[in-house]
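Remember, it's a predicted structure, so these values are computed and weren't measured experimentally. Labels below follow one simple rule: chain letters A, B, ... track the order of the sequence lines, proteins then strands, and each chain is numbered from 1. Only this structure's heavy atoms are used, side chains among them; waters, hydrogens and symmetry mates stay out.
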Protein chains: 4
Amino acid sequence: MFLQIDPGDAAPIYEQIARQIQFAVASGSLAPGEMVPSVRELARQLAVNPNTVARAYRELQSQGVLDAQRGLGLSVAADAVEKCRQQRATWIRERLIHLVGEALHAKVSPRQLQSMLQDIIQTHSRQETQS
Amino acid sequence: MFLQIDPGDAAPIYEQIARQIQFAVASGSLAPGEMVPSVRELARQLAVNPNTVARAYRELQSQGVLDAQRGLGLSVAADAVEKCRQQRATWIRERLIHLVGEALHAKVSPRQLQSMLQDIIQTHSRQETQS
Amino acid sequence: MFLQIDPGDAAPIYEQIARQIQFAVASGSLAPGEMVPSVRELARQLAVNPNTVARAYRELQSQGVLDAQRGLGLSVAADAVEKCRQQRATWIRERLIHLVGEALHAKVSPRQLQSMLQDIIQTHSRQETQS
Amino acid sequence: MFLQIDPGDAAPIYEQIARQIQFAVASGSLAPGEMVPSVRELARQLAVNPNTVARAYRELQSQGVLDAQRGLGLSVAADAVEKCRQQRATWIRERLIHLVGEALHAKVSPRQLQSMLQDIIQTHSRQETQS
DNA sequence: GTGGTCTAGACCACC
DNA sequence: GTGGTCTAGACCACG
């Protein structure tokens with residue numbers, strides 16, 4: 001479990017935790033059935049209050065990503081991978097729709113948007129190649 | 001002044017107002033020298049708290065987009081167009097960079113992103129054709 | 001807003017609050033658009049910690065029963081009545097299914113169950129007639 | 001001993017075990033004088049912690065359903081059948097009263113409740129016929 | 001004024 | 001040991 005909290009991020013800590021776990025499940029680095037660290041343990045690792053971790057876990061439980069094994073801890077749900085993948089795609093798509101709406105409303109042309117996207121993707125691929 | 005406030009948007013209202021005014025200046029629908037509505041007047045039109053409009057205007061002043069005409073109100077600064085255009089492009093680009101970063105990190109492929117963008121743009125153009 | 005908290009109830013306080021508000025919306029005594037009491041106000045009335053009320057409100061928000069009016073408070077969502085009614089029916093039905101399953105498994109006959117239900121309903125109607 | 005533990009059930013595991021044994025006694029599938037499996041044996045069968053089984057047995061002892069045969073294990077008490085039958089009826093009746101109370105409070109009509117019950121019973125009987 | 005986040009620390013039931 | 005609930009109180013952004 002390699003989670004990183006960025007206190008500078010506008011997103012609240014509990015959301016950063018929840019999102020990173022979703023991504024870990026979606027990308028397969030956290031497999032169904034596997035246990036997540038205990039609330040107290042993760043809180044210690046991230047140097048945050050246990051309540052904050054508990055809130056992240058609670059949200060994931062209500063989304064059906066985590067299952068409670070009473071007295072033992074929380075584990076990744078059997079069907080969590082599919083859920084997380086769908087959620088991930090939906091989430092990115094929604095934000096992209098919103099962004100495009102504002103861009104077009106601000107009279108940025110579709111061509112400009114597409115070239116922007118291509119530039120950014122190329123920048124990312126270059127960085128990955130280097131690293 | 002065609003401003004539309006979306007209370008469901010995550011962005012605070014004062015920011016929505018400020019941004020839309022920037023966009024209006026950048027796209028030429030609000031020309032340098034032109035007066036913007038008074039705080040009270042705009043607050044009435046948008047049905048928001050005057051404090052909220054005042055805050056939006058304050059931010060725009062500090063950015064040099066609006067100039068105070070003492071006793072008369074606020075007008076669009078002479079060099080505002082260029083500033084707003086740059087800011088508009090920067091702002092959209094930054095958000096797109098952030099979104100692409102998250103998407104790639106979540107293992108959404110560049111191809112998927114490009115086709116998503118194309119879909120969304122087509123949907124928008126269809127809506128405009130219809131309306 | 002007449003909410004009553006029963007500390008003897010096994011259900012947690014935040015859930016009692018959330019459920020009673022759902023019922024109030026479903027039965028029409030809390031109309032869409034109406035504001036619910038502020039977190040601090042309701043916490044004072046019920047003599048509980050504001051965090052507890054906030055948690056109840058948060059759950060209702062995530063269910064789409066309450067809408068945030070930023071800086072002003074929370075209001076009942078426009079489509080909350082329908083949601084609450086469905087949820088209410090679903091919730092009761094699920095619990096009944098569970099109960100019947102256990103009863104039949106314990107070899108209580110369907111006839112016994114039906115007569116039990118009728119008895120209980122009659123008892124309730126008698127109480128209402130008296131009061 | 002056909003016990004089935006549902007980890008998804010809200011009721012604690014030790015309670016599920018205790019209840020199912022009560023039901024088995026009430027319905028005659030576990031006769032007075034008969035020995036119940038040892039704590040370790042049952043824990044192995046159900047794949048639960050021995051402490052959990054021990055707690056269930058402890059509760060049943062304090063209710064007089066099980067008798068300790070020192071050095072041998074636990075057996076079903078001679079007068080357990082009657083006790084369990086009463087308890088079974090009381091328990092189901094109480095939960096039904098509670099559920100009906102909430103349903104009526106939420107303005108679900110008695111007729112709806114009765115037809116719900118009939119539906120559920122029919123569904124169960126169909127499932128049994130098939131299996 | 002409003003809700004939202006976070007911390008700190010207590011107590012509980014369950015395994 | 002585990003998670004869950006609740007309290008107390010601080011700080012923040014928003015209107």
Legend entry - Pairwise 5' ranking along DNA chain E for C:Ala68 and D:Ala11, keeping only the more 5' one: C:Ala68

Inset, instruction - Check the distance between F:dC12's P and A:Ile13's CD1 and give it to me in whole angstrom. - result: 14 Å

Inset, instruction - Looking only at side-chain atoms of C:Arg40, point me to the closest of F:dG15, E:dC15, E:dT2. - result: E:dT2

Inset, instruction - Quickly work out the D:Arg44 CZ to E:dC15 C1' distance and round it to whole Å. - result: 19 Å

Legend entry - Ion pair D:Arg55/D:Glu15, N-O distance below 4.0 Å: no

Legend entry - Per C:Ser38 side chain, nearest of listed nucleotides F:dT7, F:dG3, E:dG3: E:dG3

Legend entry - C:Gln4, CD: over 12 other non-hydrogen atoms inside 6.0 angstrom: no

Inset, instruction - Please answer whether the main-chain N or O of C:Ala31 pairs with a side-chain N or O of C:Glu34 as donor and acceptor at a distance below 3.5 Å. - result: yes

Inset, instruction - Rounded off to whole Å, could you give me the CG-to-P distance for the D:Asp9 and E:dC15 pair? - result: 11 Å

Inset, instruction - Could you state the atom-to-atom distance from OH of A:Tyr57 to P of F:dG3 in whole Å? - result: 7 Å

Inset, instruction - Considering just the side-chain nitrogens and oxygens of A:Gln61, establish if one lies under 4.0 Å of OP1 or OP2 belonging to F:dG3. - result: no

Inset, instruction - Rounded off to whole Å, could you give me the CD-to-C1' distance for the D:Glu15 and E:dC15 pair? - result: 15 Å

Inset, instruction - Report the distance from atom CG of A:Asn51 to atom P of F:dA10, rounded to the nearest whole Å. - result: 17 Å

Legend entry - Minimum-distance pair of heavy atoms, taken over all atoms of C:Pro37 and C:Leu42: CB-CB, 4.1 Å

Inset, instruction - Answer yes or no: side-chain N or O of C:Arg58 and base N or O of E:dG4 forming a donor-acceptor pair under 3.5 Å. - result: no

Inset, instruction - Would you indicate which nucleotide in F:dG4, F:dG15, E:dC14 comes nearest to any side-chain atom of C:Arg70? - result: F:dG15

Legend entry - Stems formed with participation of DNA chain F [Watson-Crick or G-U wobble, under 3.5 Å, three or more pairs]: E:1-14 with F:1-14

Legend entry - Nearest-Å distance for atom pair CG/P, residues C:Leu66 and E:dG4: 10 Å

Legend entry - d(CG, A:Leu72; P, F:dG3) in whole Å: 10 Å

Inset, instruction - Could you tell me whether the phosphate oxygens of F:dC6, OP1 or OP2, come under 4.0 Å of any side-chain nitrogen or oxygen in C:Arg55? - result: no

Inset, instruction - Check salt bridge (Lys or Arg N to Asp or Glu O under 4.0 Å) between A:Arg93 and all other residues, then give those that pass, not counting sequence neighbours. - result: B:Asp119

Legend entry - C:Arg85 bridged to C:Glu82 by N-O distance under 4.0 Å: no

Legend entry - Position toward the 5' end of DNA chain E (nearest nucleotide), A:Ala47 or C:Val39: C:Val39

Inset, instruction - Using only side-chain N and O atoms of C:Tyr14, determine if any of them is under 4.0 Å from OP1 or OP2 of F:dT5. - result: yes

Inset, instruction - Go through F:dG3, E:dG3, F:dA8 for me and flag the one nearest to the C:Asn49 side chain. - result: F:dA8

Legend entry - Shortest side-chain distance from C:Thr52, nucleotide among F:dG3, F:dC6, F:dT5: F:dC6

Legend entry - Residue pair B:Gln22 / B:Leu60, side-chain heavy-atom distance below 4.5 Å: yes

Inset, instruction - Answer yes or no: is there a side-chain heavy-atom contact under 4.5 Å between C:Asp9 and C:Gln16? - result: yes

